[in-house]
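Chain letters run A, B, ... following the sequence lines, proteins first, then strands; residues in each count from 1. Basis for what follows: all heavy atoms, side chains included, without hydrogens, waters or symmetry-related copies. Keep in mind that what you see is a predicted model, and the values were worked out from it rather than measured.
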Protein chains: 2
Amino acid sequence: MKYKLLENPDIEETYDLIDSGIRKKAVINIFAYCKVLYEGRALSQLDWGERFIMLKPDGSFLVHQERKIDPVNWQPPKSRHRALIKENNLILESHRRTPKEKLEVEIEKVHFASFALAEDYQELELAGYEKDMGDMIIKHPNMIEQGFTPTAREYNTEHGFIDILGKDIEGNIVVVELKCRKAGINAVKQIRRYLKDFEENDNDYLKEVKSKKKKIRGLLVAPDINEDAKELLEEEGIEFKAVDPPKELRSDKKVTLDIF
Amino acid sequence: MKYKLLENPDIEETYDLIDSGIRKKAVINIFAYCKVLYEGRALSQLDWGERFIMLKPDGSFLVHQERKIDPVNWQPPKSRHRALIKENNLILESHRRTPKEKLEVEIEKVHFASFALAEDYQELELAGYEKDMGDMIIKHPNMIEQGFTPTAREYNTEHGFIDILGKDIEGNIVVVELKCRKAGINAVKQIRRYLKDFEENDNDYLKEVKSKKKKIRGLLVAPDINEDAKELLEEEGIEFKAVDPPKELRSDKKVTLDIF
DNA sequence: GAATAAATCTCGGCG
DNA sequence: CGCCGAGGTTTATTC
């Protein structure tokens with residue numbers, strides 16, 4: 001189930017929704033009449049009122065009022081949430097170890113609530129960065145590996161653009177994803193998604209692969225990779241090549257929209 | 001209508017919901033497959049993916065992914081939003097003048113969308129602040145006015161706690177609201193709400209007022225007050241008394257939960 | 001883990 | 001409008 005939406009649910013229905021939402025690692029959204037208590041790096045209280053509550057699968061917890069960009073109360077990623085029913089009210093608790101802090105939301109009435117599994121493989125790309133790295137690799141394809149030949153740039157798939165598409169020395173297709181900073185797990189998920197899209201969609205490359213018995217390789221190119229990403233990488237048979245971004249990367253440049 | 005909730009709406013239904021939500025000054029929440037472009041203090045693009053979008057009536061605009069407490073893209077308060085339909089996709093635009101910046105969200109598919117008018121009269125109360133001011137006034141009630149006598153602290157009403165309840169020299173009831181910083185319009189709304197709650201609910205104070213033909217006065221106590229607040233204050237017949245918070249306010253103190 | 005630096009920092013206050 | 005300072009800053013990087 002991709003999402004679930006409840007209008008005017010009672011406390012128990014909401015409890016079940018939150019509980020299953022947390023287990024599914026979904027994003028939970030609630031509009032409710034509530035009261036908030038925070039104890040940790042500071043101590044604060046927010047009396048009864050109607051707010052928007054968001055629980056994210058990374059352990060973030062947000063309570064938004066109808067003003068401001070920042071939440072009025074929150075808990076950072078990696079916090080642990082749980083729900084419980086006390087005296088016919090719903091209590092949402094979020095804890096963190098270091099520093100020790102606790103957020104407690106008491107809910108009296110829920111207007112609507114939902115959980116949703118968001119498919120999102122994209123990271124925000126600030127202008128200029130990946131672009132510079134791509135330029136460098138198009139210019140010097142041997143940086144990636146001996147005999148690599150780029151065939152397309154920003155190749156469109158259903159879920160976004162493959163940074164560089166190319167062939168290796170044996171004629172296998174290579175799907176290259178560039179990151180100018182240490183690659184995280186999302187970069188690997190992104191390549192995995194592209195490989196899937198690529199294999200599911202008919203295209204000239206795919207015909208060639210099938211007819212000539214060639215492989216499709218996934219290759220992540222970044223200055224470094226973190227532990228989580230490395231694990232998934234090996235699990236998925238995706239490769240990694242350490243490449244530092246060009247040095248002028250950090251220089252201030254005038255960027256305009258036309259680079260897209 | 002307090003809120004409206006649409007499941008799996010088409011682009012035009014969503015457009016109508018957003019349009020009326022903005023006019024009603026409601027908070028709008030959307031879960032959708034979208035793409036984001038930002039141009040302003042920086043330049044960024046976020047390719048297609050499923051995200052949570054929130055538009056607030058103060059002009060804030062948030063795009064949340066399923067990680068982090070900060071939005072991946074946003075626009076600050078006082079931005080101007082509008083929706084339009086282009087080639088069967090829904091476009092949400094948000095502009096700001098100084099600095100000039102623009103956020104553009106292109107939406108292809110909406111899973112669910114809502115607007116909601118949140119009743120919320122409370123501001124976050126950080127421990128120690130109002131408390132210190134209250135202590136000072138309980139100790140020296142003449143600071144507020146000659147002959148003022150506190151009768152209750154944190155007096156409970158339906159919509160929160162009245163900071164100090166007391167009597168003036170003529171025996172009229174005084175509802176006192178404390179702010180340790182410059183009071184805004186919300187402080188006045190809060191007193192107005194308390195006065196209403198107080199008058200609607202039976203209690204001993206109210207009986208006394210009725211039997212002895214006394215008045216109920218609203219009094220805002222803060223170091224200063226802004227123009228908006230002053231206007232509403234006079235309109236509502238609520239009074240204001242300038243009082244600076246105690247100087248030790250900023251000192252680090254050990255605070256515990258029992259102060260609430 | 002702690003320490004450090006950047007951020008479309010945000011938010012409030014004051015001139 | 002601007003600058004300045006604080007924040008439960010958050011976030012990523014380095015050690």
**Study point:** side-chain N/O Thr98(A) vs dG1(C) OP1/OP2, d < 4.0 Å
**Key:** yes

**Study point:** Residues that Tyr15(A) engages under ring-ring contact (aromatic ring centres under 6.0 Å, His included), provided they are two or more places apart
**Key:** none

Exercise for review: Rounded to the nearest angstrom, tell me the gap between atom CG in Leu124(A) and atom P in dT11(D).
Suggested key: 14 Å

Exercise for review: Provide the distance between the two C1' atoms, one in dA7(C) and one in dC11(C), to the nearest whole Å.
Suggested key: 14 Å

Point to revise | Which residues share a side-chain contact (heavy atoms from CB on, under 4.5 Å) with Arg23(B), sequence neighbours left out | key: Asp19(B), Ser20(B)

**Study point:** ring-ring contact (aromatic ring centres under 6.0 Å, His included) partners of Phe240(A), counting only residues at least two apart
**Key:** none

**Study point:** Base of dG8(D) paired with side chain of Gln75(A) (donor-acceptor, under 3.5 Å)
**Key:** yes

Point to revise | Pairs flagged by salt bridge (charged side-chain N to carboxylate O under 4.0 Å, His left out) wherever residues 44-63 of chain B is involved - sequence neighbours left out | key: Lys2(A)-Glu50(B), Asp120(A)-Arg51(B)

Point to revise | Pairwise 5' ranking along DNA chain C for Arg97(A) and Val72(B), keeping only the more 5' one | key: Arg97(A)

**Study point:** Rounded distance in Å - NE2 (His95(A)) to C1' (dG8(D))
**Key:** 16 Å

Point to revise | Candidate nucleotides dT8(C), dG8(D), dC11(C), ranked by approach to the side chain of Asp70(A) - the nearest | key: dC11(C)

Study note, to complete from the structure: When rounded to whole Å, the CZ to P distance for the pair Phe61(A) and dG8(D) reads 18 Å

Anything under 3.5 Å between a protein N or O and an N or O of nucleotides 12-14 of chain C, put it in a table, one pair a line.
from    : atom 1 : to       : atom 2 : distance (Å)
dG12(C) : OP1    : Lys68(A) : NZ     : 2.5

Exercise for review: Please state how far atom CG in Asn73(B) lies from atom P in dC9(C), giving the value in whole angstrom units.
Suggested key: 13 Å

Check your understanding: So, is Arg41(A) near the phosphate of dA6(D), with a side-chain N or O under 4.0 Å from OP1 or OP2?
Key -> no

Study note, to complete from the structure: Atom CG of Leu126(B) and atom P of dC11(C) are separated, to the nearest Å, by 15 Å

Review point. How far, in whole Å, is dC4(D) from dG8(D) if one measures between their P atoms?
Key: 22 Å

Check your understanding: Charged N to carboxylate O under 4.0 angstrom, Glu177(B) versus Lys179(B)?
Key -> yes

Review point. Taking CD1 from Ile69(A) and P from dT10(D), how many angstroms apart are they, rounded to a whole number?
Key: 15 Å

Point to revise | Between C1' of dA12(D) and CG of Asn186(A), the distance in whole Å | key: 14 Å

Point to revise | Parallel, tilted or perpendicular: rings of Phe61(A) and His81(A) (30°, 60°) | key: perpendicular

Practice item. Could you tell me whether Pro77(A) contacts a base, only the sugar-phosphate backbone, or nothing, with contacts defined as non-hydrogen atoms closer than 4.0 Å? Key: sugar-phosphate

Point to revise | Lys241(B) bridged to Glu145(B) by N-O distance under 4.0 Å | key: no

Review point. Whole-Å distance between dA7(C) C1' and Leu43(B) CG?
Key: 16 Å

Review point. Roughly how far apart, to the nearest Å, are dA5(C) and dC9(C) at atom C1'?
Key: 13 Å

Exercise for review: Please list, chain by chain and in numerical order, all residues satisfying side-chain contact (heavy atoms from CB on, under 4.5 Å) with Ile91(B), sequence neighbours excluded.
Suggested key: Leu84(B), Lys86(B), Glu93(B), Glu104(B), Glu106(B)

Exercise for review: Answer yes or no: does a side-chain N or O of Trp74(A) lie under 4.0 Å from OP1 or OP2 of dT9(D)?
Suggested key: no

